[in-house]
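Worksheet: the structure to be examined is printed underneath.
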Amino acid sequence: MKAIVYTEYGTPDVLRLKEVVKPAPKENEVLVKVHATSVNAADWHLLTADIFMVRLNMGLLKPKNTILGSDIAGRVEAVGRDVKQFKPGDAVFGDVFGHNFGGFAEYVAAAESDLALKPANLSFDEAAAVPLAAKTALQGLRDLGHIQSGQKVLINGASGGVGTFAVQVAKYYGAEVTAVCSTRNLDMARRLGANHVIDYTKEDFTQNGQPYDLIFAVNGYHPISAYRRALTPKGIYVMVGGTITQLFQALLLGPLMSKKDGQQLGALTLKPNPKDLPLLKELLETGKVVPVIDKRYTFSEVPDALRYFGEGHARGKVGITVSVDSPA
Ligand SMILES: NC(=O)c1ccc[n+]([C@@H]2O[C@H](COP(=O)([O-])OP(=O)(O)OC[C@H]3O[C@@H](n4cnc5c(N)ncnc54)[C@H](OP(=O)(O)O)[C@@H]3O)[C@@H](O)[C@H]2O)c1
């Protein structure tokens with residue numbers, strides 16, 4: 001099969017389209033013929049090793065796993081003997097983030113628990129834009145943020161892959177949502193359901209005296225003390241992405257600044273939860289959540305897709321069409 005392979009850390013220039021061995025599914029795995037995939041920050045970090053932790057976990061000098069790509073949508077080609085939920089021909093979507101990646105390929109072996117049936121109303125391209133970013137939004141708001149109906153929730157970095165889902169998921173939970181993004185994305189944030197928008201190029205929300213019950217920080221930098229100032233007395237700050245400084249502040253200072261029965265400040269680590277994709281499927285099928293896709297690339301253009309993502313201003317997700325569906 002064909003795959004986009006990298007054997008050294010670096011820029012998207014190190015990615016090569018190559019012929020590699022097609023994976024065989026283990027007992028609990030599903031072999032998926034990939035029709036579409038999409039780019040996530042995780043792909044960027046694993047490609048560039050811009051965070052030192054990447055080298056510690058994924059190979060000090062060169063990557064142990066040579067195929068990036070987490071989000072996938074496609075058709076089941078074959079199943080391992082313990083797989084119960086899927087059969088060949090099923091249209092599925094999911095992410096292989098916790099399963100050594102490998103989505104930038106014509107076929108990938110995914111754990112059964114990492115997949116769900118594709119939402120009926122979505123194309124493969126649309127479905128592949130969802131899993132990792134939407135699960136991040138869901139887990140950050142629901143599990144770490146303990147989001148409640150009627151709360152004032154602020155999404156900092158509302159216009160990227162995770163942010164566009166976060167606005168919609170927060171609305172689903174009944175929150176009053178403030179979306180922070182740049183001027184050109186304000187209208188999109190309103191269309192996604194944001195009750196209020198703040199243009200970060202003109203206003204610093206940490207200085208406006210408006211406290212929030214929950215701050216979901218996906219992009220952009222503010223010191224943790226500024227986030228704390230913008231929280232209500234029992235408000236929660238969930239650090240999802242941003243600068244390394246922001247991550248270390250959330251990991252090291254967050255627990256020290258958190259108070260029992262008071263403000264809570266911490267960082268999200270995405271965890272496998274087999275219940276997330278079925279819930280997202282329902283939200284997508286009922287139109288409560290809609291994927292936003294900025295640009296789509298062909299399979300051989302994966303390096304260009306990553307270059308565009310790496311500029312840091314994608315509006316929603318960056319998609320990749322791997323192959324056109326031809327059901328048996
Ligand atoms: N903790 C976890 O488990 C986890 C899981 C997934 C992702 N993440 C992290 O989440 C982060 C976001 O991922 P993503 O896929 O959403 O990235 P993304 O799609 O690349 O985000 C791009 C968006 O960031 C916005 N942005 C850039 N600078 C900004 C600023 N100063 N203030 C506000 N918005 C700004 C851009 O909006 P404008 O063009 O309007 O500037 C653009 O729409 C990454 O750092 C990633 O590592 C963490």
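All ligand and atom numbering here is 1-based and tracks the order in the structure. Computed from a predicted model, the values in this text were never measured in an experiment. Residues: numbered from 1 along the sequence shown.
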- Query: Any idea how Tyr212 and Phe205 line up, ring-wise: parallel (<30°), tilted (30 to 60°), or perpendicular (>60°)?
  - Reply: perpendicular
- For atom 45 (O) of ligand 1, which of Ala250, Gly242, Gly316, Ser182 has the closest heavy atom? Gly242
- Task: Give the residue, atom name and distance (to 0.1 Å) of the protein heavy atom nearest atom 31 (N) of ligand 1.
- Result: Gly220 CA, 3.4 Å
- Message: Give me the residue, atom name and distance of the protein heavy atom closest to atom 34 (N) of ligand 1.
- Response: Gly157 CA, 3.4 Å
- Item | Atoms in ligand 1 with a heavy atom of Arg184 nearer than 4.0 Å | 39 (O)
- Item | salt_bridge(Lys281, Glu285) N-O dist < 4.0 Å | yes
- Message: Within ligand 1, which atoms have a heavy atom of Ala41 less than 4.0 Å away?
- Response: 44 (C), 46 (C), 47 (O)
- Query: Just wondering, are more than 12 heavy atoms of other shown residues or ligands nearer than 6.0 Å to NZ in Lys171?
  - Reply: yes
- Query: With a 4.0 Å cut-off on heavy atoms, does Gly312 reach ligand 1?
  - Reply: yes
- Measure from NZ or CZ of Lys118 to the centre of the six-membered ring of Phe93, then state whether that distance is under 6.0 Å and the direction lies within 45° of the axis. no
- Query: Is it the side chain (CB and beyond), the backbone, both or neither of Leu270 that lies under 4.0 Å from ligand 1, heavy atoms counted?
  - Reply: both
- Item | Structural part of Val218 in contact with ligand 1, heavy atom criterion under 4.0 angstrom | both
- In Å and rounded to the nearest 0.5 Å, what is the OG1 to CD1 distance from Thr232 to Ile215? 8.5 Å
- Task: List the atom of Val162, the atom of Phe216, and the distance in Å for their closest heavy-atom pair.
- Result: CG1-CE2, 3.9 Å
- For Leu268, counting its heavy atoms only, list the atoms of ligand 1 lying under 4.0 Å from any of them. 1 (N), 2 (C), 3 (O)
- Query: When you check the side-chain N and O atoms of Asp50 and Tyr9, is any donor under 3.5 Å from an acceptor?
  - Reply: no
- Item | His313: numbered ligand 1 atoms lying under 4.0 Å from its heavy atoms | 27 (C), 36 (C), 38 (P), 39 (O), 41 (O), 42 (C)
- Query: Should one rank Leu247, Val318, Val240 by closest heavy-atom distance to atom 48 (C) of ligand 1, which comes out on top?
  - Reply: Val240
- Query: Does a donor on one side chain and an acceptor on the other come within less than 3.5 Å for Thr183 and Asp199?
  - Reply: yes
- Of the protein's non-hydrogen atoms, which lies at the shortest distance from atom 28 (N) of ligand 1, and what is that distance? Tyr200 OH, 3.7 Å
- Does atom CD of Glu282 have more than 12 heavy-atom neighbours, drawn from other residues, nucleotides or ligands, at distances under 6.0 Å? no
- Item | Atom CE of Met1 with >12 non-hydrogen neighbours under 6.0 angstrom | yes
- Would you mind finding which of Leu144, Asn185, Asp50, Val162 brings a heavy atom closest to atom 13 (O) of ligand 1? Val162
- Task: Provide, to 0.1 Å, the distance between atom 10 (O) of ligand 1 and the closest protein heavy atom, together with that atom's residue and name.
- Result: Gly241 CA, 3.6 Å
- Message: On a heavy-atom basis, I'd like to know which of Gly161, Ala217, Cys181 is closest to atom 19 (O) of ligand 1.
- Response: Gly161
- Return the option from Leu186, Ile51, Asn219 holding the heavy atom at the smallest distance from atom 25 (C) of ligand 1. Asn219
- For Gly160, take its heavy atoms, then give the atoms of ligand 1 lying under 4.0 Å from any of them. 16 (O), 19 (O), 21 (O), 22 (C), 23 (C), 43 (O)
- Could you tell me which atoms of ligand 1, counted from 1 in the order shown, lie closer than 4.0 angstrom to a heavy atom of Ala314? 22 (C), 23 (C), 42 (C), 43 (O)
- Query: Is Lys295 close enough and on-axis enough to Tyr308, meaning under 6.0 Å and within 45°, for cation-pi?
  - Reply: yes
- Answer yes or no: are there more than 12 heavy-atom neighbours, outside Tyr221 itself, under 6.0 Å from its atom OH? yes
- atom 37 (O) of ligand 1: which of Ser159, Ala137, Gly310 has the nearest heavy atom? Ser159
- Task: Please state whether His45 comes within less than 4.0 angstrom of ligand 1, counting heavy atoms only.
- Result: yes
- Closest to atom 6 (C) of ligand 1 among protein heavy atoms sits Thr136 OG1, 3.3 Å
- Any ion pair linking Lys152 and Glu176 (charged N to carboxylate O, less than 4.0 Å)? yes
